[in-house]
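Scope of the values below: all heavy atoms of this structure, side chains included, with no hydrogens, waters or symmetry mates.
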Amino acid sequence: MPDLVSLFVGAFLGGLLGYVFVLFQDQQKTTARRNVLKNVLRDELALINPAPLVYDVTKVIYRDPIRLEAVSALLDGTTLDYQSNDALASALLRFRAILTTWNDFIVVTNLAQSVAPIPDTGHRQMFDELSRRHGALISGAKQLQPLLAT
């Protein structure tokens with residue numbers, strides 16, 4: 001009978017140790033994924049030109065939408081722990097909202113200019129709104145930078 005108890009205790013401890021190892025390995029994978037994605041997002045944010053936009057009435061206001069893959073990947077629910085990474089998660093959610101409105105406005109602006117001529121006053125209004133959104137985009141990116149370093 002003592003051999004059966006020893007066998008059971010050994011199996012239980014072996015299973016428990018295996019379970020703890022799997023949890024530790026999952027945590028290591030999540031940390032590695034988070035670090036890679038934070039580095040990718042830092043690189044993606046560096047591609048956004050922070051220089052103020054310059055108005056030229058003779059030119060079409062064309063901008064490409066900005067697609068940042070790391071933002072969605074970080075917010076997918078498997079990479080960030082919203083309790084311990086709450087500041088980063090909040091900043092990412094705010095930035096994603098800013099980026100979405102930027103991209104929506106870019107698409108509409110590009111389309112509007114390709115469909116019909118726009119008077120100078122309308123052109124200027126579009127540029128002013130684009131500049132305001134660009135400022136919000138740059139501000140959001142700057143707020144994210146220190147959170148990505150940790």
Side-chain angles (χ1 to χ4, degrees), residues 11-150:
F12 177 76
L13 290 177
L16 183 62
L17 182 62
Y19 178 71
V20 169
F21 179 73
V22 167
L23 289 179
F24 176 74
Q25 193 175 26
D26 283 348
Q27 181 185 18
Q28 295 294 82
K29 284 180 182 178
T30 300
T31 300
R33 176 179 163 83
R34 182 174 46 249
N35 290 338
V36 166
L37 289 170
K38 285 166 68 173
N39 288 333
V40 168
L41 183 55
R42 251 194 312 273
D43 293 344
E44 288 177 334
L45 290 174
L47 297 174
I48 299 173
N49 187 354
L53 305 176
V54 178
Y55 181 68
D56 184 349
V57 72
T58 64
K59 292 186 179 179
V60 172
I61 305 167
Y62 178 83
R63 296 284 186 273
D64 287 322
I66 298 171
R67 308 286 185 224
L68 303 180
E69 298 302 321
V71 173
S72 295
L74 280 164
L75 290 171
D76 71 358
T78 63
T79 306
L80 287 180
D81 175 19
Y82 286 90
Q83 289 179 326
S84 61
N85 303 114
D86 60 331
L88 177 57
S90 295
L92 284 168
L93 288 166
R94 284 191 303 274
F95 185 74
R96 184 169 65 180
I98 292 168
L99 186 61
T100 299
T101 59
W102 164 267
N103 285 336
D104 290 348
F105 189 76
I106 289 298
V107 168
V108 169
T109 301
N110 290 346
L111 181 62
Q113 293 177 103
S114 67
V115 172
I118 297 174
D120 291 346
T121 55
H123 193 254
R124 182 62 198 210
Q125 286 175 342
M126 286 189 331
F127 177 81
D128 290 344
E129 182 59 25
L130 185 67
S131 293
R132 186 186 71 74
R133 291 173 190 262
H134 183 260
L137 187 68
I138 298 306
S139 175
K142 285 181 181 177
Q143 290 173 7
L144 268 177
Q145 289 292 352
L147 296 170
L148 296 173
T150 58

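- Proximity of a side-chain donor or acceptor of Asp76 to a complementary backbone N or O of Ser72 within less than 3.5 Å is not detected.
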Handout entry: Residues Leu130, Arg63; criterion side chain to side chain contact (heavy atoms under 4.5 Å, CB included); working and verdict
Key = CA-CA 10 Å; Leu130 185 67; Arg63 296 284 186 273; 4.1 Å; yes
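- For the pair Gln28 (side chain) and Phe24 (backbone), a donor-acceptor distance under 3.5 Å is absent.
- At distances below 3.5 Å, at least one donor-acceptor pair connects side-chain atoms of Asn103 with backbone N or O atoms of Ile66.
- Distance CG/Leu75 to CG/Leu93: 5.0 Å, rounded to 0.5 Å.
- Closest of all the heavy-atom pairs between Val71 and Phe95 is CG2-CD2, 4.3 Å.
- The backbone N or O of Leu148 lies less than 3.5 Å from a partner atom in the side chain of Arg42, making a donor-acceptor pair.
- Not counting sequence neighbours, the partners of Asp81 by the side-chain hydrogen bond (donor to acceptor under 3.5 Å, both in side chains) test are Ser84.
- None of Asp120, Thr121, Asp128 except one satisfies the side chain to side chain donor-acceptor pair (under 3.5 Å) rule with Arg124; the exception is Asp128.
- For Ser139 (side chain) and Gly135 (main-chain N/O), no donor-acceptor pair under 3.5 Å exists by modelled atom type.
- The side-chain heavy atoms of Val40 and Glu69, taken from C-beta on, include no pair separated by under 4.5 Å.
- In terms of modelled atom types and a separation under 3.5 Å, the side chain of Gln143 and the main chain of Ala91 share no donor-acceptor contact.
- The backbone N or O of Ile98 lies less than 3.5 Å from a partner atom in the side chain of Thr101, making a donor-acceptor pair.
- The closest donor-acceptor contact from the side chain of Ser114 to the backbone of Leu111 lies under 3.5 Å.
- Between the CG atom in Leu92 and the CG atom in Leu41 there is a gap of 6.5 Å [rounded to 0.5 Å].
- At least one side-chain heavy atom of Leu80 sits under 4.5 Å from a side-chain heavy atom of Leu88.
- Residue pairs meeting the ring-ring contact (aromatic ring centres under 6.0 Å, His included) criterion with at least one member in residues 109-150, sequence neighbours excluded, are Tyr55-His123, Tyr55-Phe127, Trp102-His134.
- Put simply, the side chain of Gln113 gets close to the backbone of Ile61: a donor and an acceptor are under 3.5 Å apart.
- Between Asp104 atom CG and Arg133 atom CZ the span is 8.0 Å, to the nearest 0.5 Å.
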Exercise for the section: For the pair Arg34 and Asn85, evaluate side chain to side chain contact (heavy atoms under 4.5 Å, CB included) and give the outcome as yes or no after the intermediate values. Expected result: CA-CA 11 Å; Arg34 182 174 46 249; Asn85 303 114; 4.0 Å; yes
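- Using modelled atom types, one finds a donor on one side chain and an acceptor on the other under 3.5 Å when comparing Arg33 with Thr79.
- Nearest approach of Lys142 to Pro146, heavy atoms of both residues: O-CD, 3.1 Å.
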